[in-house]
Amino acid sequence: MKLSQYFMPTLRENPADAQVPSHRLMLRAGMLRPVASGVYTWLPFGLKVREIVAKVVREEMDASGANEIFMPMVQPASLWQETGRWDKMDAELCRIKDRHDNNFCLGPTHEEVVTDVVRKSLSSYKQLPVMLYQIQSKFRDEVRPRFGVMRGREFMMKDCYSFDVDEEAAMNSYNTMKDAYHRIFKRLGLDYRVVKADSGAIGGDLSEEFQVIAETGEDELVFDKEGDYAVNVEKHDAETCGVPAERLETKRGIEVGNIFYLGDTYSKPMKAVVKHSDGTERPAIMGCYGIGICRTVAAAIEQNHDENGIIWPEEMAPYQIGLMNLRVSDDTCTEIADKLYDSFRALGFDVLYDDRDEPAGAKFTSMDLVGLPWQCTIGPRGVKEGKAEWKNRKTDERFELPIGELPDALQAKAKAAA
RNA sequence: CGGGGAUUGGCGCAGCCUGGUAGCGCGUCUGGUUUGGGACCAGAAGGUCAGAGGUUCGAAUCCUCUAUUCCCGACCA
């Protein structure tokens, strides 16, 4: 992508309203613009990152045997009355009326809708298991939206629901999802922990959270440095955890994913039942599994940034290479940079090409801000010697290579792709 | 929902206490000089000071209400 043709309005100064790093940097890097409290427009650069997260999530969901569907954001009150949540939930559930004065809500989650879909096509235990997921907008009228997209009111979420014949099968689905979640967050290159959690308003009795470690996290976690023990600090009990105090560590985390074993909390009241081999009719046993797509993007920035800007983990980087032509008015520089742009792309890389007629300093500063893993600089100084200058954003390692040659790390990638 | 801030050109801010022609930096536009970490010179455009009401000869400034927004807490995925 040529920067001269890209709508990526970067900000030189910090917006006054943005306090946490991810919010600040997403605004400054031209990823995001506020529309209302907790409601945002995603600009091309931000959207591209979000799509990468969604793609990884989608691939791992599909690989786990889940099927993608797409449910409506607008949902009839009648379904929510079946489970009692229409009355139980407070103002967080945004209720609306249509022209006929019928009650609807904006979906804060989709248990009711998905259970309704499944029950209508379900009759025999032989049809199970069923696992359905979607990637879609949710609306929760938060008491206090904050930290940009970390706690927005409208946000993109992957939500998956499993229906099984009995508890044992449901636990299988649960564990399948848990494995998928591990693969997702590993692929995204994030430092995270899995912690036991309360299942809250969703119901059910087993639940774990995937928490990305970051100083600005809303949750405080206690975990064993050497073992698996990890809980939210509210649930931590030093007496019963069985881990010596010196091995325990406390860090803050951002909840990016959660998995719930639901049992028949929804299937029973909504009569999502199947006939078993013994002739009895019993509710399907459910689980639900969420990943906050927007929040994952923000969490990645919280975890990976410095005073100059974002530092994207390899896998999440919207472009692997940021190419800079320092002297657009110099025909040789421009010719070389144009050629490199084409050849990098031909090798399978996504390239952000700063071809604007701007001072060199502006280019360096904004390239650091947007945080692409590799920067390749073409300027009169290097061109004289046939060299391009490379910089690794994360390590700040800088070196020169003959024009057209790739750093080892990228060369390996190009080969792997070919 | 309780508490505390904020609201003045696109962005960041000053002016308010002590009422008297709305300012600065950045950005934008024009022209020129430049060109390796947001360069320099000259010129220009752009604001009914969040809204409504009140006090006053006169309100960005004082008073009241409203809206929006941010932060802390409670709550929450």
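Order of the sequence lines sets the chain letters (A, B, ...), proteins ahead of strands, with each chain counted from 1.
- If you measure from atom CZ of Arg24(A) to atom P of C70(B), you get 16 Å, rounded to the nearest angstrom.
- Listed by residue number, the members of residues 54-67 of chain A with any heavy atom below 4.0 angstrom from RNA chain B form an empty set.
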Could you write out each protein N or O paired with an N or O of nucleotides 7-11 of chain B at a distance under 3.5 Å?
unit_1 : atom_1 : unit_2   : atom_2 : d
C11(B) : O2     : Glu13(A) : OE1    : 3.4

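- Following rounding to the nearest Å, Asp90(A) (CG) and C76(B) (C1') show an atom-to-atom distance of 9 Å.
- Atoms CZ (Arg151(A)) and P (A77(B)) sit 9 Å apart, rounded to a whole Å.
- Checked against the 6.0 Å centroid threshold, Phe210(A) and Phe185(A) count as a close aromatic pair.
- The same atom, C1', is picked in A52(B) and in A60(B); the two are 16 Å apart, to the nearest Å.
- Checking C71(B), G36(B), C70(B) against the side-chain heavy atoms of Phe147(A) singles out C71(B) as nearest.
- Counting only distance, with no hydrogens or angles, the side chain of Gln303(A) and the backbone of Asp191(A) share a donor-acceptor pair below 3.5 Å.
- For Arg146(A) and U68(B), the CZ to P distance is 19 Å, given to the nearest whole Å.
- We find that CD of Glu92(A) is positioned 14 Å from P of C1(B), with the value rounded to whole Å.
- Taking atom CZ of Arg153(A) as the reference point, atom P of C76(B) lies 19 Å away to the nearest angstrom.
- If you measure from atom CE of Met8(A) to atom C1' of G27(B), you get 17 Å, rounded to the nearest angstrom.
- Residue Ala36(A) places its side chain closer to U69(B) than to any other of U69(B), A77(B), G73(B).
- Rounded to whole Å, the distance from CG on Leu27(A) to P on C70(B) is 11 Å.
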